[in-house]
Amino acid sequence: MPTSRRSFLAVAALTPFALGAAGRAGAAEACYDPAALSLSQKNLRRSLSYVEASADPKRHCGLCAFYTATSAGCGSCKMMSDNPVNSGGLCDSFAPKG
Ligand code: SF4
């Protein structure tokens, strides 16, 4: 059964990547449904280059002056018209809390 073994190995090798991608998508969905945002909100996020996961641990929504925590890992943002954001997110308007 070389084909079955090969298939098993291929699935086993890809599983961590698939789980990682699902985890990143889940971070946003735990706070809000990105698909349910209004068109203007989607455009605002795009214009401010908002991302769900900042690559810089010193620059993310949870450390931003415009952020108000609402639940674990989630909050609202003044720059986003008080709409929900991920505490690990980031946009071009980041301003560190004073
Ligand atoms: S201004 Fe940007 S970085 Fe700051 S909380 Fe809002 S979305 Fe996050």
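Throughout, numbering of the chain's residues begins at 1 and tracks the sequence. Counting starts at 1 for both ligands and their atoms, following the listed order.
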Could you tell me, atom by atom, which parts of ligand 1 come under 4.0 Å of a heavy atom of [X]?
| X | result |
| --- | --- |
| Met79 | 1 (S) |
| Tyr67 | 5 (S) |
| Tyr50 | 7 (S) |
| Met80 | 7 (S) |
| Phe66 | 1 (S) |

### Query
Looking only at heavy atoms, what is the nearest atom pair of Leu37 and Arg45, with distance?
CD1-NE, 3.5 Å
### Task
For Lys42, look at atom NZ and say whether over 12 heavy atoms of other residues, nucleotides or ligands are found less than 6.0 Å away.
yes
#### Entry: Cys64 and Cys77 SG atoms under 2.5 angstrom apart
no
### Task
Return yes if some donor-acceptor pair links the side-chain N/O of Gln41 with the main-chain N/O of Met80 below 3.5 Å, else return no.
yes
### Message
Could you check whether any side-chain N or O of Ser81 sits under 3.5 Å from a backbone N or O of Asn83, counting only pairs where one atom can act as donor and the other as acceptor?
### Response
no
## Note on the structure
atom 3 (S) of ligand 1: closest protein heavy atom, distance to 0.1 Å, is Cys91 N, 3.6 Å
### Query
How far is atom 4 (Fe) of ligand 1 from its nearest protein heavy atom, and which residue and atom is that?
Cys64 SG, 2.3 Å
### Query
Does any N, O or S atom in Cys61 come within less than 2.8 Å of atom 2 (Fe) of ligand 1?
no
### Query
Strictly under 2.8 Å, is any N, O or S atom of Cys77 next to atom 6 (Fe) of ligand 1?
yes
#### Entry: side chain to side chain contact (heavy atoms under 4.5 Å, CB included) assessment of Val85 paired with Tyr67
CA-CA 8 Å; Val85 293; Tyr67 180 82; 3.7 Å; yes
### Query
Going through the distances and angles, do Tyr50 and Cys61 end up as a side chain to side chain contact (heavy atoms under 4.5 Å, CB included)?
CA-CA 10 Å; Tyr50 175 79; Cys61 295; 4.0 Å; yes
